[in-house]
Amino acid sequence: MAVSPLVVHPTDALQNPLQNARSVSSPLKNASSAQASSNGTPLPTQVAPNAAAAIQTASLDLAEQLNEEEKRKYVKGKKLGEGTYANVYLGFLRGDSSQLVAIKKIKIQKEYTEGMAPDAVREIKHLQELSHPNIITLHSVFSSKDQNLNLVLEYLPLGDLEMLIRDTDRVKYGAADIKAWMGMLTRAVWFCHENFVLHRDIKPNNLLIAADGEVKLADFGLARSFSDPYKPMTANVITRWYRPPELLFGAKHYSGVVDVWSVGLVFAELVIRTPYIAGDSEMHQINLICQAIGTPTEENWPGVTKLPDYTVEKEVVPLRGRDHYMAMFGTVGYEGVDLLMKTLTLDPKKRITALEMLKHGWWHKDPKPTRNRDLPRKSGGQSQEKLGADLKRRPGVVDEDRGSKVSRKLDFGAAQ
Ligand code: AMP
């Protein structure tokens with residue numbers, strides 16, 4: 001049976017006892033806003049100073065108590081990895097050590113002493129809104145010692161797509177596997193865009209793999225909402241190798257197809273098992289795009305020369321034809337190459353959207369996408385059971401500092 005990439009698998013989030021990201025942020029949010037309003041009405045201004053102070057203390061106590069309860073639900077274990085703005089630890093539910101989680105502890109950033117680091121705010125805000133089998137689940141959020149923020153995320157034990165791509169000696173895969181991974185990635189991106197969220201950092205290293213082989217889009221630290229088309233956005237997003245030409249030329253208004261370009265480059269990389277356009281500076285990246293795809297000009301992209309940072313070398317490289325792509329990426333077949341070319345279209349107005357990608361004919365052509373359980377896995381990984389047992393032997397606690405200061409009041413609703 002052909003697997004339609006439009007099929008969205010039922011999420012297990014509702015049955016999952018850990019799934020309470022919404023309930024975590026909302027009680028804290030309510031608690032923090034309670035001093036202004038318990039029913040949406042602003043408090044009268046003439047509240048006696050003592051009464052106002054008492055209300056404030058009560059609401060802080062409630063926020064602290066809720067935070068404490070949330071924190072106590074989890075036990076933190078060994079470090080799993082380190083990102084730019086967080087350390088990630090393995091953890092489990094205190095009442096059930098077989099329920100593993102990843103606890104992402106946001107590093108204190110000196111420049112944000114007055115508030116939360118924007119990456120963390122973005123990650124929480126967007127992950128709270130997005131519940132999809134191909135997007136990492138945010139189970140909970142709590143603050144710990146020194147008001148450190150901790151994100152409790154779904155634990156994804158099988159590494160990421162980058163590990164599989166790079167391990168050419170031990171990991172063998174073919175067109176059916178690529179189709180399965182690309183289907184999962186495209187559904188995740190389509191779902192983000194349906195919900196007006198741009199991810200803005202799609203790359204193999206942000207595509208984590210669950211125990212059942214499901215690929216999950218992670219790291220929403222650069223994500224933002226794009227519901228207002230007139231609002232300018234920063235062009236300085238997306239890891240350079242996966243950054244589309246409109247951002248390299250400094251466009252301030254862009255859409256979901258910036259992510260589609262990155263998806264196209266992940267597709268290319270899955271096939272050739274090395275990054276397709278890997279510049280070592282922005283100018284170099286533009287030059288490599290010109291070489292690999294063709295020089296952006298007014299003929300193939302009306303208006304491109306008006307973009308703030310438009311610069312290309314004098315010698316114009318004509319757009320590469322289908323034969324060029326077939327020679328390089330032919331293992332995914334004619335239809336696969338057609339889809340790839342549509343994602344790597346220079347002019348964002350002509351580039352395929354995530355929804356159109358899902359309707360492309362490639363998904364229904366042979367070979368069928370590999371079933372999750374048959375997908376290649378990273379070699380030498382520790383089993384989930386083994387990790388669970390290790391954790392049981394060496395339990396840590398999320399935060400020893402019981403007397404920590406008043407917990408940070410969380411209100412992600414207003415964050416950008
Ligand atoms: P990040 O800051 O999201 O890039 O995470 C840093 C590293 O921590 C990643 O490269 C992974 O090795 C690991 N990691 C992050 N999230 C998870 C997760 N949900 N499950 C397992 N490992 C993770």
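Start at 1 and go down the list; that is how both ligands and their atoms are numbered. Note that this is a predicted model, so its numbers are computed, not measured.
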Quiz item: Just by distance, with hydrogens left out, do Asp201 and Thr239 show a side-chain donor and acceptor under 3.5 Å apart?
Solution: yes

Distance dump, ligand 1 polar atoms to protein, N/O, under 3.5 Å:
unit_1, atom_1, unit_2, atom_2, d
ligand 1, 3 (O), Lys104, NZ, 3.0
ligand 1, 19 (N), Glu154, O, 2.8
ligand 1, 20 (N), Leu156, N, 2.9

Quiz item: Going by distance alone, is a donor N or O of one side chain under 3.5 Å from an acceptor N or O of the other, for Arg200 and Tyr242?
Solution: no

Quiz prompt | Asp338 and His360 side chains, donor-acceptor separation under 3.5 Å | solution = yes

Exercise. For atom CD of Glu315, decide whether the heavy atoms of other residues, nucleotides or ligands shown that lie under 6.0 angstrom number more than 12.
Key: no

Quiz item: Using 30° and 60° as the class limits, which term best fits the ring planes of Tyr173 and Trp181: parallel, tilted or perpendicular?
Solution: perpendicular

Quiz prompt | Over 12 foreign heavy atoms within 6.0 Å of CD, Glu313 | solution = no

